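The structure appears below as structure tokens.
All residue numbers refer to positions in the sequence shown, counting from 1. From a predicted model like this one, the values you see are computed outputs, not experimental measurements.
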Amino acid sequence: MAFRRLVSTKRKIKLEMTSRILTVCTLAFLLIAGGNLACKKEAEEVAPEEEGTTTTEEGIVEFEGVVKIVVGKYMFIPKVQGFDIVIQGTLESDDTQTLIDKEVRGEGEFSLENPSILMANSIDIKESEEEWRNVFTRSEEVVLEDYIDLKARDEFEVLKDLSYDKKKGWEGKEKVKIYGRLEKKTVTEAGEQKEIYNIVVFDEKDKELGKIVIDSFTDFALYYVRKLRLFDKLWLYITIKDTVDWNIRRRTKELFHADLLFVGLY
């Protein structure tokens, strides 16, 4: 009996020790997990600034970098990631192209409604290591007449399964998006050179299905064509216009005319 009581006592002690160890491990795990969650939450609440930008107050961003693209009112500075900078108003020089390859700094404003747009309030050009010259101060409201946001892009119907001999595939439709390659060629008409743009459409085996003749670009579309010039194929957002005459269509596989509104990776 004494031996059994001794064995029973040892088992109780062992179980109690195991329970205590498990309790300590659990508490340690919870403390570590809680610390990690707190750090993660803090990191999410205090997001790092993008290189080339500094947020000075809610909705106001200071930016700096070298301008690489300007089309109409849209300006792209690679260092200012995530923003398309809009210049609404008159620059010191009426030609916005004078900003290309210049180092600039400025202040802009963004809103939750269009978070990728940074509306420039002021722009300075760097003239020397210590001197900057102001070339723009916004004096009017920004108007985004050709800007297409994410919500608007969702409203474009996907155009697919095209064929030059099946015009029902596009007739009766207006705003659509299609995946393809934008090509440019130079032709001579009446002794003058002219640039012509086509969207080349392919099937799943990368075989050419046809071409869409682009009559015009919005500034926003041309801006993104230049911004995404290194990509071979893109999503192209267009407005469908007239169908190409059958005699020309069956020979060239040019399907219809369209205006290009936007290009993107999705």
Side-chain angles (χ1 to χ4, degrees), residues 66-78 84 94-101 144-148 152-153 156-266:
V66 178
V67 177
K68 287 301 178 184
I69 298 171
V70 181
V71 177
K73 65 178 69 176
Y74 300 100
M75 179 172 73
F76 175 59
I77 300 175
D84 298 317
D94 291 338
D95 185 7
T96 56
Q97 300 299 302
T98 58
L99 292 174
I100 294 177
D101 293 328
L144 301 174
E145 65 274 4
D146 57 357
Y147 172 70
I148 300 178
R153 293 174 212 173
F156 282 70
E157 179 184 350
V158 177
L159 196 64
K160 54 185 179 180
D161 299 328
L162 292 178
S163 175
Y164 73 94
D165 58 349
K166 296 178 181 179
K167 63 181 183 178
K168 289 183 179 180
W170 64 82
E171 287 192 337
K173 299 177 181 179
E174 185 180 3
K175 290 186 176 181
V176 299
K177 61 180 180 180
I178 190 164
Y179 191 70
R181 183 171 68 225
L182 188 64
E183 288 188 344
K184 178 180 74 172
K185 62 180 180 179
T186 303
V187 299
T188 301
E189 292 183 0
E192 295 184 359
Q193 288 190 332
K194 179 181 178 182
E195 292 181 345
I196 295 177
Y197 286 86
N198 291 321
I199 297 173
V200 184
V201 187
F202 303 89
D203 63 13
E204 295 178 352
K205 297 181 179 179
D206 215 31
K207 180 181 178 182
E208 183 178 319
L209 293 175
K211 297 178 182 179
I212 300 168
V213 182
I214 300 300
D215 291 338
S216 69
F217 295 77
T218 63
D219 283 345
F220 191 56
L222 186 55
Y223 168 73
Y224 261 86
V225 166
R226 295 179 180 176
K227 189 175 178 181
L228 302 176
R229 66 190 182 281
L230 298 180
F231 291 87
D232 182 51
K233 294 179 182 178
L234 298 161
W235 281 101
L236 300 113
Y237 293 71
I238 60 177
T239 299
I240 294 177
K241 297 167 68 178
D242 299 331
T243 296
V244 173
D245 182 76
W246 166 249
N247 291 327
I248 298 175
R249 194 165 75 243
R250 66 179 179 178
R251 177 170 50 86
T252 65
K253 291 189 177 180
E254 293 177 346
L255 310 179
F256 56 85
H257 290 257
D259 293 330
L260 187 59
L261 307 180
F262 176 69
V263 302
L265 301 179
Y266 54 89

Applying side chain to side chain donor-acceptor pair (under 3.5 Å), can you list everything that pairs with Glu171, at least two apart in sequence or on another chain? Thr243
Run the side-chain contact (heavy atoms from CB on, under 4.5 Å) test against Leu265 and tell me which residues pass, sequence neighbours left out. Leu228, Phe231, Leu234
Beyond-backbone contact of Leu182 with Lys184, side-chain heavy atoms, under 4.5 angstrom: no
With Lys166, which residues qualify under salt bridge (charged side-chain N to carboxylate O under 4.0 Å, His left out), at least two apart? none
Test side-chain contact (heavy atoms from CB on, under 4.5 Å) on Trp235 and Val158; report intermediate values, then the result. CA-CA 10 Å; Trp235 281 101; Val158 177; 4.1 Å; yes
Please assess Leu162 against Ile178 for the test side-chain contact (heavy atoms from CB on, under 4.5 Å), listing each intermediate value before the final yes or no. CA-CA 10 Å; Leu162 292 178; Ile178 190 164; 3.4 Å; yes
Check: Ile238 and Lys175 side chains under 4.5 Å, non-hydrogen atoms: no
So, using side chain to side chain donor-acceptor pair (under 3.5 Å) as the criterion, who are the partners of Gln97 when residues are at least two apart? none
Enclosure of Lys173 NZ (heavy-atom neighbours >12, cutoff 6.0 Å): yes
Please list, one pair per line, the donor and acceptor atoms closer than 3.5 Å that link side chains of residues 186-195 to other protein atoms, with sequence neighbours excluded.
none

I'd like to check the side chain to side chain donor-acceptor pair (under 3.5 Å) partners of Asp84; sequence neighbours left out, ordered by chain and number. Tyr223, Tyr224, Lys227
Can you sort out the partners of Glu183 under salt bridge (charged side-chain N to carboxylate O under 4.0 Å, His left out), two or more places apart, ordered by chain and number? Arg181
Anything under 3.5 Å between a donor and an acceptor, one on a side chain of residues 206-220, the other on a protein residue two or more places apart or in another chain? List them.
residue: Asp206; atom: OD1; partner: Lys233; partner atom: NZ; Å: 2.5
residue: Asp215; atom: OD1; partner: His257; partner atom: ND1; Å: 2.9
residue: Asp215; atom: OD2; partner: Lys241; partner atom: NZ; Å: 3.1
residue: Asp215; atom: OD2; partner: His257; partner atom: ND1; Å: 3.4
residue: Ser216; atom: OG; partner: Asp259; partner atom: OD1; Å: 2.7
residue: Thr218; atom: OG1; partner: Ala221; partner atom: N; Å: 3.0
residue: Thr218; atom: OG1; partner: Leu261; partner atom: O; Å: 3.1

Mind checking side-chain contact (heavy atoms from CB on, under 4.5 Å) for Asn247 and listing every partner two or more places apart, or none if nothing turns up? Asp245, Arg250
Go through the structure and list residues passing salt bridge (charged side-chain N to carboxylate O under 4.0 Å, His left out) with Asp161, not counting sequence neighbours. none
Can you list the residues that meet the side chain to side chain donor-acceptor pair (under 3.5 Å) rule with Tyr237, with sequence neighbours excluded? none
side-chain contact (heavy atoms from CB on, under 4.5 Å) for Phe262 and Tyr147? Distances and angles first, verdict last. CA-CA 8 Å; Phe262 176 69; Tyr147 172 70; over 6 Å; no
